[in-house]
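Encoded as structure tokens, the structure appears first; notes follow it.
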Amino acid sequence: QICQSQNNVFYYATFYDTNKKIPMYSAYKFEGLKNCTRLNAWYIEPQLDDNNAPPNMKLEKDVKIQGLGDYQALNGNYEKSGYDRGHLAPVFQAESQSCADTTFTLTNAAPQNPYFNRGQWRVLERNIAKNLSDQCLPNKYSVYIVTGVVPGTKNISNKVNVKVPSHFWTAYCCLDNNNKCQISGGFIGVNENITPKDKSVKDLETELAKLYNLTSFNLFDRSTEPPANKANQKTMKISSFKTKRQ
DNA sequence: CTGACGTGC
DNA sequence: GCACGTCAG
């Protein structure tokens, strides 16, 4: 579990698989379209490979620790792989420029078919942002989005142990003053440039439980109580995994 | 940094 | 034509 931060300010949360070296999901709050610009570099998270490192993302060239890359993907893993570093928490839906900057960390990215990333997935991110802006923000709902992947069996390349997702999915939930979800929905698509399928949260949970081989899977916190307050006083609703055994 | 590419509007 | 999200050099 990583709370993505720069200078100790936290912007969103990621559940990262250090074995497969891709995130399972990123969860964040949507506050409208901000026209943020993109970085042209990707950060990494030193604390994954070094327990003593502080939890702020850094540029790879500024990190000098032994065993770098043992527990996370590095930029070189993606080079000439034929895959994009596809954002989970996207730039397009970021709440601020600093937030957009912090999405450029490899723990928030997974190998994505470039035509899918730049094609149908991009269209989906934009459509969701527009619908949420029209339907939820004017009502003063708090909008939470969680975006994740289903790991496939393929590695990004012969020698590099970074798993290529079989699917990308995303789900949103608009909470009213009483923390009740008033508007919600989701999408899932295979990692090819095919239009992702529209799903209710419930149907998406059922499909994901099957794909993850879990007994149940909850995208959003079922409780009406706000979750433990963390991460810059944002009440982030994190999806939860319930595994058969762990 | 710049230039380029494919997608989709 | 234009915006977008990337990549290569």
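The chains referred to below are lettered A, B, ... by the order of the sequence lines, with proteins before strands, and numbering in each begins at 1.
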Ring pair (Phe, Tyr, Trp, His ring centres under 6.0 Å) filter on A:Tyr78, not counting sequence neighbours, yields none

For residues A:Arg118 and A:Asn193, is any side-chain donor paired with an opposing acceptor at under 3.5 Å?
no

Give A:Asn40 one of three labels, base, sugar-phosphate or nothing, depending on what nucleic acid heavy atoms sit under 4.0 Å from its own.
base

Using a 4.0 Å heavy-atom cut-off, write out nucleotides 4-9 of chain C from 5' to 3' as B (base contacted by protein), S (sugar-phosphate only) or - (no contact).
BBBSSS

Option among A:Trp121, A:Phe92, A:Tyr12, A:Trp42 that satisfies the ring pair (Phe, Tyr, Trp, His ring centres under 6.0 Å) test with A:His87
A:Trp42

Of all nucleotides in DNA chain B with an atom under 4.0 Å from a non-hydrogen atom of chain A, which is the first and which the last going 5' to 3'?
B:dC1 to B:dC9

Any chance the side chains of A:Asn108 and A:Ser26 put a donor and an acceptor closer than 3.5 Å?
yes

Across all chains, not counting sequence neighbours, the ring pair (Phe, Tyr, Trp, His ring centres under 6.0 Å) partners of A:Tyr172 are none

Just jot down the disulfide (SG to SG under 2.5 Å) partners of A:Cys174, sequence neighbours excluded, or say none.
A:Cys136

Between side-chain atoms of residues 66-74 of chain A and protein atoms elsewhere (two or more places apart, or another chain), which donor-acceptor pairs fall under 3.5 Å?
from	atom 1	to	atom 2	distance (Å)
A:Gln72	OE1	A:Glu45	N	3.0
A:Gln72	NE2	A:Glu45	O	2.9
A:Gln72	NE2	A:Asp49	OD2	2.8

Are A:Val190 and A:Tyr212 in one and the same hydrophobic cluster, where Ile, Leu, Val, Met, Phe, Trp and Tyr link if side-chain heavy atoms are under 4.5 Å apart?
no

